[in-house]
Each structure stands twice: as C-alpha cells, then as structure tokens.
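Below you'll find the structure, written out as structure tokens, and then a few comments.
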Amino acid sequence: MREILAAHPEWLFQGRTTQQPPRTDWHTWLILGGRGSGKTRMGAEWVNGMALGFAPFDTSKSMHIALVGETLADVREVMIDGPSGIMSVSRAERPRFEMTRRRLLWNSGATASMFSSEDPESLRGPQFDAGWGDELAKWKNVQATWDMLQFGLRLGRNPKQVITTTPKPLPLLKKMLADPSIPVRRMKMCENAEFLAPGFVKHISGLYGDTRLGRQELDGELIEESEGALWSRLMMEEVFCPDVPELKRIVIAIDPPASATKKSDACGIVAAGLAGIKIAAELDIRGQLGDGELMLMGSAAASLAAWTALGVSG
C-alpha cells in the first residue's frame, strides 16, 4: 500500500492518455496542442522522467538532454521555471540550475542544457541522447535549429526527441506530419479545462470559440488558409476540374516583391486564359470557380514555361 501511495503522484497515473508516450518504437514524438492544453507539462514530465529513468518514459537514464526554445528566456521562464516547467514537476529529485553553464544538473550526473533558436550554431558540437523542443512553430531560425539538433542526437542506444507546439503552417511542421514514423498527439484546451481558471476558459471560449484563430490557438489545429483569403483550399477542392479546354488567349500577371531576401514576400502570379465564354486561371492547384476554370502552378517560371503568353502585366 505504501508503494502504491508513493507512485500515485507520478505521471503514469496522473497524465491523460494523450499525454503518455507512444508505446511503439520512435525517434521523434510530435505533440500539437492549443493554449493551456498541457503540452508544456508533458514536455517537462518527459525530460524529468528521462533524466531519472522513470516509467513510462524510459528504463535507463538520459545523461545529456537538450532544451530548445525560441529564446534562452523562453527556455528559462517556460520550460524550466514556469508553472508547468521542469522545476515544478520534479518530485523525487529536484535538479540544480547552474546559471553560468546554462544547464540543469541532477544528482545522477544527468544534465539538461539550454539552447535558443536565435543561435542554431550553439547546437554545433554538443551531443545528446534526448531533446525537448518547445513551441517550434515560433522558432526564429526554425530549419537551421532543427537541423543542428538532429546532428547532435547521437548518444545512447536510442536517442529521442519530443516537440511540443501550437501548430502553424510551416514547411518543417507539415513535413513532420507527413512522416509515418513520427507519432503525433493532438490536444485541445478543453481537455485540460479542469486545471485552468474557470473564468479563463469561459472568457476565451466566448471570444474565440469556433473561429479560425480559436481552432489554431485553442484546439491545436493546423490552419493553412490565411484569414481573409479570397479562395480557401476547401473551395479549390470542391470545384476541381481536371479537363481544361483549349485556351484562345492567355495573360499572365505577376506581382513581384520589392526585395529578394529570405524575409521578402512571396511572388504572386496568376495566368488567366480565355476559352469561349469561360475564363481559366493558373495558380497552385487545379479547380473551377463559378463560371471560370482555375488551375494553379507554383512559380512564375513554371507558368511562363507552361504557357505561351500573349500579354504580360506587372
């Protein structure tokens, strides 16, 4: 009975089913959640469990753990010292924080070192057997930081990493979602409502429930359409038309960005074609809108190569 009482506070008995690690063999575990859904608590519990070798996380201890956030301040204030951070969830043993070395240290010798997406190169050199990346969707140099972390996960018999984030339509995140080897857990704020202030849940649900922003920030959905977009992906799918008639006249319009850097806006391009009384446009995906027929291509070069333009407007 004493052993049962001692084990009861542990995550195996306290966490929801969606907050428990996958039972299959995995290298990367992706957790998508809304605000207040419990994803940060999940990441902190996982790090603490890995450092101590606690079930259900692992049976052996991870000695070198990477903690990666948008900034070092985020790592310290959210992942380590936050209400759901590592310090708050540590029960059997509380690690020491070594400020000058930017790391947590457990009595076993296990360490968890701090890294920021503002400095991906700081991940070059260190080696890890586990890693926790929080709020990947708002990392500054997301791809470079991710790449450097992958190179560093090379210690132990089976290095693992957990990613906790509210999703945004980033290429890296969409690539992870398409990877069948990556288990994905989705968590909504409402599933964790008993641990949140009742006033907050009622207020925030009233403001953003059933809205695009609410679906992303509260339900953890990946929303790809931009708010206010003239055409949504669903509209395109519903009016898909594989057969395009011969076009009598084609005009390509280009809206180039003012600069040519990584932070520049995308280059807009639309190719409109006249076929009898119908109008066809070439954009990114094929479809039909009202009396017109729509087709999309990915770049100005692709459209120019695919069509013989009779007029170009910029």
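Treat the numbers as computed from the prediction; the structure is a model and nothing was measured.
Remark: E121 engages R124 in a side-chain hydrogen bond (donor to acceptor under 3.5 Å, both in side chains) (not counting sequence neighbours). Residues passing the side-chain hydrogen bond (donor to acceptor under 3.5 Å, both in side chains) test with R23: none are found, sequence neighbours excluded. Under the salt bridge (charged side-chain N to carboxylate O under 4.0 Å, His left out) criterion, K160 pairs with no residue, sequence neighbours left out. Residues satisfying the salt bridge (charged side-chain N to carboxylate O under 4.0 Å, His left out) criterion with R185, sequence neighbours excluded, are absent altogether. Partners of S113 under the side-chain hydrogen bond (donor to acceptor under 3.5 Å, both in side chains) rule, at least two apart in sequence or in another chain, do not exist in this structure. Checked against side-chain contact (heavy atoms from CB on, under 4.5 Å), V89 has the following partners two or more places apart in sequence or in another chain: R41, A44, E45, N48, R91. Residues that satisfy the side-chain hydrogen bond (donor to acceptor under 3.5 Å, both in side chains) test with D81, not counting sequence neighbours, are R76. Every residue two or more places apart in sequence or in another chain that forms a salt bridge (charged side-chain N to carboxylate O under 4.0 Å, His left out) with R103 is listed here: E98. Not counting sequence neighbours, D119 has no partner by the salt bridge (charged side-chain N to carboxylate O under 4.0 Å, His left out) test.
Across V68 and V75, no two heavy atoms sit closer than the pair C-CG2, 4.2 Å. Looking at every heavy atom in both residues, K61 comes nearest to G53 through CG-N, 3.7 Å. Taking each heavy atom of T111 and W106 in turn, the nearest pair found is C-CZ3, 4.1 Å. The two atoms that bring T145 and P120 nearest to each other are OG1-CG, 3.5 Å, heavy atoms only. Of all the heavy atoms in G82 and S88, the pair that sits closest is O-OG, 2.9 Å. In terms of heavy atoms, A130 sits closest to S62 at CB-OG, 3.9 Å.
Checked for salt-bridge contact, R186 and E191 miss the test: no charged N lies under 4.0 Å from a carboxylate O.
Taking the side chain as every heavy atom from C-beta outward, H64 and Q127 never approach each other to under 4.5 Å. The shortest distance between side-chain heavy atoms of S90 and P95 falls below 4.5 Å. In this structure the side chain of R96 never reaches within 4.5 angstrom of the side chain of L104, judged on heavy atoms. Looking at D25 and N158, their side chains come closer than 4.5 Å, going by heavy atoms from C-beta outward.
Identified under the salt bridge (charged side-chain N to carboxylate O under 4.0 Å, His left out) test for residues 139-155, with sequence neighbours left out: E70-K140. Identified under the ring-ring contact (aromatic ring centres under 6.0 Å, His included) test for residues 121-169, with sequence neighbours left out: F115-F128.
Judged purely by atom type and a 3.5 angstrom limit, T165 has no side-chain atom pairing as donor or acceptor with the backbone of P167. Between the N141 side chain and the S117 main chain, a donor and an acceptor come within less than 3.5 Å of each other. Not one N or O on the side chain of N107 forms a donor-acceptor pair closer than 3.5 Å with the backbone of E93. Remark: the backbone N or O of E221 is not paired with any side-chain donor or acceptor of D219 at under 3.5 angstrom. At distances below 3.5 Å, at least one donor-acceptor pair connects side-chain atoms of S205 with backbone N or O atoms of V201.
By the rule that hydrophobic residues join a cluster once side-chain heavy atoms approach within less than 4.5 Å of another member, I65 and L72 end up as members of one cluster. In the hydrophobic clustering of this structure, L105 does not group with M50; members are Ile, Leu, Val, Met, Phe, Trp, Tyr whose side-chain heavy atoms approach within less than 4.5 Å, directly or through other members. Clustering ILVMFWY residues whenever any of their side-chain heavy atoms sit less than 4.5 angstrom apart, transitively, puts V78 in a cluster other than the one holding V162. Under the 4.5 Å side-chain heavy-atom criterion for ILVMFWY residues, a single connected hydrophobic cluster contains both L153 and L172. Linking ILVMFWY residues whenever their side-chain heavy atoms come closer than 4.5 Å, directly or via other members, leaves L155 and V47 in distinct clusters.
How far OG1 of T71 is from CD of E77: 9.0 Å, rounded to the nearest 0.5 Å. Here M114 contributes atom CE and L67 contributes atom CG; the two are 8.0 Å apart, rounded to the nearest 0.5 Å. Here the straight-line distance linking atom CD1 of I269 with atom CD1 of I254 works out to 4.5 Å at 0.5 Å rounding. In this structure, T164 OG1 and M42 CE are separated by 9.5 Å, a value rounded to the nearest 0.5 Å. Summarising the geometry, atom NZ belonging to K138 is positioned 8.0 Å from atom CG belonging to D134; distances are rounded to the nearest 0.5 Å. A distance of 9.5 Å separates CE in M187 from OG1 in T166, rounded to the nearest 0.5 Å.
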Could you list the donor-acceptor pairs under 3.5 angstrom formed by side chains in residues 26-35, with sequence neighbours left out?
| from | atom 1 | to | atom 2 | distance (Å) |
| --- | --- | --- | --- | --- |
| T28 | OG1 | Q161 | NE2 | 2.8 |
| R35 | NE | E217 | OE1 | 2.8 |
| R35 | NH2 | E217 | OE1 | 3.1 |

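Looking at N192 and S37, their side chains never bring a donor and an acceptor atom within 3.5 Å of each other.
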Next item on the list: Please report the C-alpha distance between E135 and K168 in whole Å, then the side-chain angles of each, then the deciding distance to 0.1 Å, and finally whether the salt bridge (Lys or Arg N to Asp or Glu O under 4.0 Å) criterion is met.
Entry: CA-CA 10 Å; E135 294 297 356; K168 290 183 179 180; over 6 Å; no
Next item on the list: Check the pair I204 / L218 against side-chain contact (heavy atoms from CB on, under 4.5 Å), numbers first and verdict last.
Entry: CA-CA 9 Å; I204 211 74; L218 303 181; 4.2 Å; yes
